[in-house]
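What you see below is based on every heavy atom in this structure, not just the backbone, and it leaves out hydrogens, waters and symmetry mates. Proteins come first, then strands; the chains are lettered A, B, ... in the order of their sequence lines, and each starts at number 1.
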Protein chains: 2
Amino acid sequence: MRVSRAAKAESRDRIVAAAARRLRAAGVEGSSVGDMMADAGMTHGGFYRHFANKDALVAAAIAAAFAEFSEPLAAGVAAGEAPAAAADFVARYLGDGHVAHPELGCPVPATAADIARSGDAARAAFGAGATAVVDALAAALTGPRRRERAWRQFAMLAGAVLIARASDPATAAEVLATARRGSL
Amino acid sequence: MRVSRAAKAESRDRIVAAAARRLRAAGVEGSSVGDMMADAGMTHGGFYRHFANKDALVAAAIAAAFAEFSEPLAAGVAAGEAPAAAADFVARYLGDGHVAHPELGCPVPATAADIARSGDAARAAFGAGATAVVDALAAALTGPRRRERAWRQFAMLAGAVLIARASDPATAAEVLATARRGSL
DNA sequence: CTCGAAAGATGATGTGCATCATCTTTGCTT
DNA sequence: AAGCAAAGATGATGCACATCATCTTTCGAG
């Protein structure tokens with residue numbers, strides 16, 4: 001069957017959105033093309049009408065995941081409420097919901113190790129997404145070296161959630177409590 | 001063929017050491033039992049004489065990887081030279097060699113996302129390994145809340161290396177330079 | 001209004017994987 | 001010294017995956 005041009009674009013969006021979720025939940029190697037197409041409501045057949053290969057979808061999905069996850073932060077900064085938006089971002093980042101639901105969370109703790117083994121396109125999308133987050137966080141800071149402090153803060157957040165997800169409950173609770181208490 | 005009891009223990013050590021390397025380089029799903037056995041100089045056949053399943057090997061390999069990577073730090077602390085050992089650890093952690101060679105590096109940025117999807121045994125080994133690193137780092141600090149500051153420092157290090165490995169070269173250079181300049 | 005082309009379904013191909021069964025050899029117990 | 005049991009090799013088994021070929025249907029250009 002054939003579909004209209006608008007419907008094709010919508011299909012592509014559905015594939016990317018489905019991939020963005022599944023990649024964060026199951027990792028790159030744990031997410032098959034067929035699974036992601038099924039999540040998007042299609043069979044695996046039409047996949048290569050949209051993407052050259054799995055890597056191309058991964059790159060697009062990483063960009064989408066960053067955009068989705070940091071949308072509230074970006075919106076707050078654009079609205080001139082950077083400090084409040086950044087505080088909300090940090091609280092959400094270290095919240096139990098974020099730790100328990102990587103499929104809707106930050107791509108850094110969920111997918112970075114896989115992206116490190118992926119192609120240049122995915123790495124470029126990842127670097128751009130991380131940089132955008134840091135730019136927004138830096139907008140909420142005052143004083144010297146705002147950008148540097150924003151990078152360290154973001155790295156600490158990502159590391160804390162990463163360790164918490166991979167550890168036993170007691171260790172996870174300790175890292176998270178400590179990260180919540182600390183600001184850079 | 002059969003092998004002596006000592007030779008069996010040595011075989012097991014070789015399997016664990018090979019797995020510890022390959023898991024950090026290729027991830028859990030990217031490392032097949034057959035590959036790891038071949039790295040250890042054997043065929044896949046004898047694997048289940050040593051481990052109940054792949055997960056059991058992953059757990060053992062994570063413990064071994066933490067022990068190997070943090071050995072210099074632990075030795076320095078045990079020798080009463082905690083401050084110097086911790087400084088060396090941080091410099092090594094953020095060094096180009098560590099970023100470029102995950103197979104010999106810290107298990108946190110290399111394997112945490114995979115371990116988060118693994119069983120309880122692997123999570124317990126991971127939490128214990130991370131806690132041991134933090135204990136050693138805390139021994140090098142003075143003043144209040146040493147343990148908390150050590151956790152935040154370690155999370156920041158892991159996050160920075162994680163982001164650097166997954167990003168384009170320009171972004172990676174920026175994160176690393178920033179992390180090197182910053183102390184918590 | 002018609003026809004080529006393309007979206008997506010169905011199905012095939014070849015590969016790789018975890019796990020198990022079996023066989024051979026040989027250490028270790030009696 | 002003898003035979004049992006176990007380490008590791010060889011070889012299935014059954015499944016999952018990325019990619020490609022083909023077929024059907026319908027869009028959109030002329």
Side-chain angles (χ1 to χ4, degrees), chain A residues 1-62 111 114-115 117-119 121-122, chain B residues 1-23 25-62 111 114-115 117-122:
Chain A
M1 84 215 214
R2 185 174 170 178
V3 169
S4 80
R5 196 161 298 185
K8 181 185 181 182
E10 195 190 304
S11 291
R12 196 195 128 105
D13 290 347
R14 277 209 321 282
I15 298 169
V16 171
R21 284 200 176 204
R22 191 175 273 267
L23 288 172
R24 282 176 282 181
V28 173
E29 303 221 51
S31 302
S32 78
V33 169
D35 285 344
M36 295 186 285
M37 289 296 282
D39 288 349
M42 300 189 324
T43 65
H44 63 282
F47 178 77
Y48 293 91
R49 304 272 177 190
H50 290 281
F51 301 96
N53 50 40
K54 186 181 173 181
D55 266 358
L57 171 58
V58 170
I62 289 297
T111 68
D114 286 338
I115 299 306
R117 297 173 202 117
S118 296
Chain B
M1 84 219 217
R2 184 172 173 181
V3 170
S4 80
R5 196 161 296 184
K8 181 185 181 183
E10 196 189 305
S11 290
R12 196 196 129 105
D13 289 348
R14 278 209 320 281
I15 298 169
V16 171
R21 284 201 176 204
R22 190 175 274 265
L23 289 172
V28 172
E29 302 223 51
S31 301
S32 78
V33 169
D35 286 344
M36 295 185 285
M37 289 296 282
D39 289 348
M42 299 187 327
T43 65
H44 62 284
F47 177 77
Y48 292 90
R49 304 272 177 188
H50 290 280
F51 301 96
N53 50 41
K54 186 181 174 182
D55 266 358
L57 172 58
V58 170
I62 289 296
T111 68
D114 286 338
I115 299 304
R117 298 174 201 115
S118 297
D120 286 344

Report all side-chain donor-acceptor pairs from residues 7-23 of chain A shorter than 3.5 Å, counting only partners two or more places apart or in another chain.
from	atom 1	to	atom 2	distance (Å)
A:Lys8	NZ	A:Arg49	O	3.4
A:Ser11	OG	A:Ala7	O	3.1
A:Arg14	NE	A:Ala40	O	2.8
A:Arg14	NH2	A:Ala40	O	3.1
A:Arg22	NE	A:Asp39	OD2	2.6
A:Arg22	NH2	A:Asp39	OD1	3.2
A:Arg22	NH2	A:Asp39	OD2	3.3

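- The side-chain heavy atoms of A:Leu57 and A:His50, taken from C-beta on, include no pair separated by under 4.5 Å.
- A donor-acceptor distance shorter than 3.5 angstrom exists from the side chain of B:Asn53 to the backbone of B:Ala56, with no hydrogens or angles considered.
- Per the geometry, CG belonging to A:Leu57 stands 10 Å off P belonging to D:dA18, to the nearest Å.
- Within the structure, every pair that satisfies the ring pair (Phe, Tyr, Trp, His ring centres under 6.0 Å) test and touches residues 4-48 of chain A, not counting sequence neighbours, is listed here: A:Phe47-A:Phe51.
- At a non-hydrogen distance threshold of 4.0 Å, B:Met42, B:Thr43, B:His44, B:Gly45, B:Gly46, B:Arg49, B:His50 from residues 32-53 of chain B come into contact with DNA chain D.
- Each of B:Ala6 and B:Ser31 was assigned the nucleotide of DNA chain C with the nearest heavy atom; the assignment lying further toward the 5' end belongs to B:Ser31.
- When all heavy atoms of B:Ser31 and B:Gly27 are compared, the pair lying nearest together is OG-O, 2.7 Å.
- Taking 4.5 Å as the limit, some side-chain heavy atom of B:Ile115 sits within range of a side-chain heavy atom of B:Val58.
- Following rounding to the nearest Å, A:Arg5 (CZ) and C:dG8 (C1') show an atom-to-atom distance of 16 Å.
- When each of D:dA18, C:dG8, D:dA7 is scored by its nearest atom to the side-chain atoms of A:Lys54, the top-ranked nucleotide is D:dA18.
- Counting to the nearest Å, the P atom of D:dG8 and the NZ atom of B:Lys8 are 7 Å from each other.
- Regarding contacts with the backbone of D:dA7, every side-chain N or O of B:Ser4 stays at 4.0 angstrom or more from both OP1 and OP2.
- Between A:Arg2 and C:dC3 there is no side-chain N or O to OP1 or OP2 distance below 4.0 Å.
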